[in-house]
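Written below as structure tokens is the structure these notes are about.
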Amino acid sequence: MEALLEDAYINSQVASYPVSMLEDHAIAVDATYYLHLQLDSQPSEPLLSALGGVTGIQSRIENDLNQWQANNVIPFFIFDGQNLKGQDEVNIRRAREGIAQTDRAWEQYFNGQADAAVQSFGENTNAFHPHNFYRLLQGILKERKLHFLVAPFNAAAQIASFDMTDSDQVGGVMGSVELLMYPINDCVIRSIDWETRTVRAVSKTHLLSVLNVADHTFVDLMLMAGTSFLPAFPALTDGNIIKNQPSNINDALNILRVARKDVTQVCITFVDTLKAQDPNWLDKYRKARMLVDHFTYIKENGEITVHNYDTLTQDNYEYLGLSLPPEMFHYLNTGLIGPRILNPITHAFTQAEASKKQTSASMEVLPTLDGTVSPEYRKLVTQQTPQIKEAALSLVVARLHRAFLHSTVTMGVWFDRDFKRKLWDFKNQGPYLEQWKSWRVSAEVVEKLFPDFVHGSIFSEVLALEKPEFVATTFSQKDKKVKNLSPDLIKSFSIWRFLHIRGYVDNKHELTNWGKALSQALTALQPTAKRYWKVPHLYESIIVALELIRFDLLNAKNKHEELRGLPMHGSEDDQLSLLLISRCACLLKLRHESYGYTGPLSKSLLAFRSLASEVRAADRDLVEAILASTFMAAQADRRKDANWELGNSLPFHFDPDVSLGIAVKTFFDEINPNDPEMAKKKKNFPSSYIPYATAFPEDLEIACEFFKAIYAGIKALPQRELSANDQAVWEKAAKYLEARA
């Protein structure tokens, strides 16, 4: 596992202690590290990177937290906040290495080596970042009434601040070896074995002793060995220089000693290696060193502070980033918003920086699980979703200090390190803020016109806009400020504003053609949503589907036969119809027991999931920007402590894996039109292909009705919005499904 193999030498210095030493204490736990442990501690999720999700992590977390409780130890989870300078670059490097490994696994799978492929997939948990499970873990902690904290930046720095100040909140710290770089008192817990009641921990004092170095030098060694925000010193990854790979901190020490323990001198010594592999490494190191010396954390009184503030350099924005107002950190810490919308603002370039050629970007599009760079994916991330991200940035930056208005946000992509696009600057703010401002709705009007209105359902918000007498009451007025919005009204405001900015509603607050298609689709899906009310996110998945159609992505085009996993039986039209139906099913979730998935795979559908995930993430950025702007403009009732619940009740944080899409594709590929054995095949299918699915017949029905609902919306579109040829493909798919469902 990445987290346990960070440094073999440090891990060799781990000592064991009895769990009883932790009894009646709170332990500050790095949430990212903890999730790494959970993902890697059980071999039951080997297909994580092949599916884009897991089935059993929730039960594993629940079981583990039960053990903490049984042993009278309180976990105090600390989550990563915003990215540090350099973190995206390291994430991209590690993810690309993960893609290379999963490519080998896919090749084994294509060649019929199923067992070898499963093992290869299982060896690569790096491909799926633990941040994807933050909301799941936070939800579990909320239910258990366990306190947690979202750090301003990295969790390690925040955890170190507790130990550094001898905080009464915690009696120990648990996390990655990066904790050792910070001024902690002594031990870092690496793992806890509840069965043997053993704690494994490494002592910083012991490490300094065996390495025979001072703390200042130790930090340099850790940085040279590589961290989450600095690539390893290139010579340490060169097999011609360090024979035993991967290298460790002791190898870094041997190199540093040759240069009199001076990193700059080391870079001069290995200048040819640096030129060939990473010419800017020394500059990156200097910024990383300043990040460690001046880490940002939340004090116990709630103040956001910088360690060693008195010695900060005037160019601190080059390594710490631009300083956001404390209000934004509060929204981040309380779960109202996530860090994605804040990262590009913090790492925006000042006017002076923007005038120079930059080797980095304010934000990066990170690698996908499948690693496929198709023309449609390239167009999506470089031309289409940037429009949504621009809208999100415009809403937030407009509420900040004027200095931010004169910054420039740029975007880079993982597959082309030379690509840089200006994502936002003060010259191009768009109409988004005016669209946001145009809404004013009173609770009294909603209650009067819609007695059964369900705030945040999407269905109620869209259907309300079909009523002219309601639409007439939705406009803002200069003499009547919007203020003290309840959490329920904030949900509805956020959805209406989102629909307006994304073009489902026009400036008259009436539904556009796409808005009418959305209304038709939601109405068609309503009976299914009511029948299966325990299955969440159906309505928001309709919006995702329409967004993908608008971007020309949810269709039967771009088969990419080289990716395999396509329908195989029937005519060409049958195969295209099933491809479209299974892509729609990928937007929903297969309900599954807490066991690892065992069934067929499809790299083709995994590549489609990457497209859907990118669109969903961009839409989530916009929703969070709308929400943050609502609070920053003092429109929300802040007396209610419901930020986390409010943030998590809004759409687009749901990102399902492809298992239902694969199941639907596999099932219908074996079904003939008007098959007399349909009921029998449906009954026997799960045991043969997806034995741990808990409700496949229901999930299949939901997927079919979901497709029909999208088609109902498609039929409402005029040809200027969707061509006759594209509509014909949907019609053929509908007939295909009608003959088999």
Side-chain angles (χ1 to χ4, degrees), residues 3-4 6 10-11 13-38 41 61-81 137-138 140-209 215 218 292 295-303 305 307 333:
L4 287 179
E6 291 159 320
I10 291 177
N11 284 330
Q13 304 301 314
V14 167
S16 296
Y17 306 89
V19 167
S20 58
M21 293 182 65
L22 306 182
E23 191 171 345
D24 296 325
H25 286 89
I27 306 299
V29 182
D30 185 323
T32 301
Y33 178 77
Y34 176 83
L35 288 167
H36 265 303
L37 287 175
Q38 296 305 313
S41 61
I61 292 172
E62 296 274 13
N63 292 336
D64 186 67
L65 292 178
N66 288 341
Q67 291 297 319
W68 285 76
Q69 185 177 5
N71 287 273
N72 296 319
V73 186
I74 302 171
F76 177 23
F77 283 92
I78 312 298
F79 292 83
D80 288 328
L137 178 54
Q138 289 172 0
I140 294 171
L141 298 176
K142 282 278 185 181
E143 288 179 4
R144 290 172 173 260
K145 294 183 171 51
L146 289 172
H147 184 54
F148 63 84
L149 187 70
V150 180
F153 290 93
N154 57 330
Q158 182 64 49
I159 293 172
S161 74
F162 295 131
D163 210 37
M164 174 183 71
T165 58
D166 287 323
S167 171
D168 292 333
Q169 291 190 66
V170 301
V173 298
M174 178 178 180
S176 70
V177 294
E178 286 190 16
L179 263 171
L180 296 165
M181 289 192 297
Y182 297 95
I184 63 171
N185 287 333
D186 197 16
C187 285
V188 173
I189 297 171
R190 304 290 286 142
S191 62
I192 303 175
D193 189 327
W194 300 112
E195 290 186 6
T196 61
R197 296 182 57 78
T198 303
V199 178
R200 299 179 73 247
V202 61
S203 164
K204 182 173 182 178
T205 302
H206 172 72
L207 277 172
L208 295 178
S209 176
D215 186 74
F218 179 78
V292 175
F295 59 89
T296 306
Y297 64 97
I298 305 174
K299 295 173 70 173
E300 290 192 335
N301 63 4
E303 179 187 352
T305 190
H307 186 55
N333 180 35

So, [X] versus [Y]: side-chain donor-acceptor pair below 3.5 Å or not?
| X | Y | answer |
| --- | --- | --- |
| Asn154 | Tyr182 | yes |
| Asp186 | Thr205 | yes |
| Asn11 | Arg200 | no |

Decide yes or no on ring pair (Phe, Tyr, Trp, His ring centres under 6.0 Å) for Phe76 and Phe148, but give the supporting numbers first.
CA-CA 6 Å; Phe76 177 23; Phe148 63 84; 9.0 Å; no

Could you please spell out the steps behind the side chain to side chain contact (heavy atoms under 4.5 Å, CB included) verdict for Asn185 and Asp166?
CA-CA 8 Å; Asn185 287 333; Asp166 287 323; 2.8 Å; yes

Above 12 or not: heavy atoms from other molecules or residues under 6.0 Å from CG of Asp24?
yes

Around atom CD of Gln69, are there more than 12 heavy atoms from other residues, nucleotides or ligands closer than 6.0 Å?
no

Could you check whether any side-chain N or O of [X] sits under 3.5 Å from a backbone N or O of [Y], counting only pairs where one atom can act as donor and the other as acceptor?
| X | Y | answer |
| --- | --- | --- |
| Thr165 | Ser161 | yes |
| His206 | Lys204 | no |
| Gln158 | Ile298 | yes |

If you round to the nearest 0.5 Å, how far is NE2 of His25 from CG of Asn72?
12.0 Å

What I'd like to find out is whether the side chain of Ile192 reaches to under 4.5 Å of the side chain of Val19, using heavy atoms alone.
yes

Listed partners of Asp64 passing salt bridge (charged side-chain N to carboxylate O under 4.0 Å, His left out), at least two apart:
none

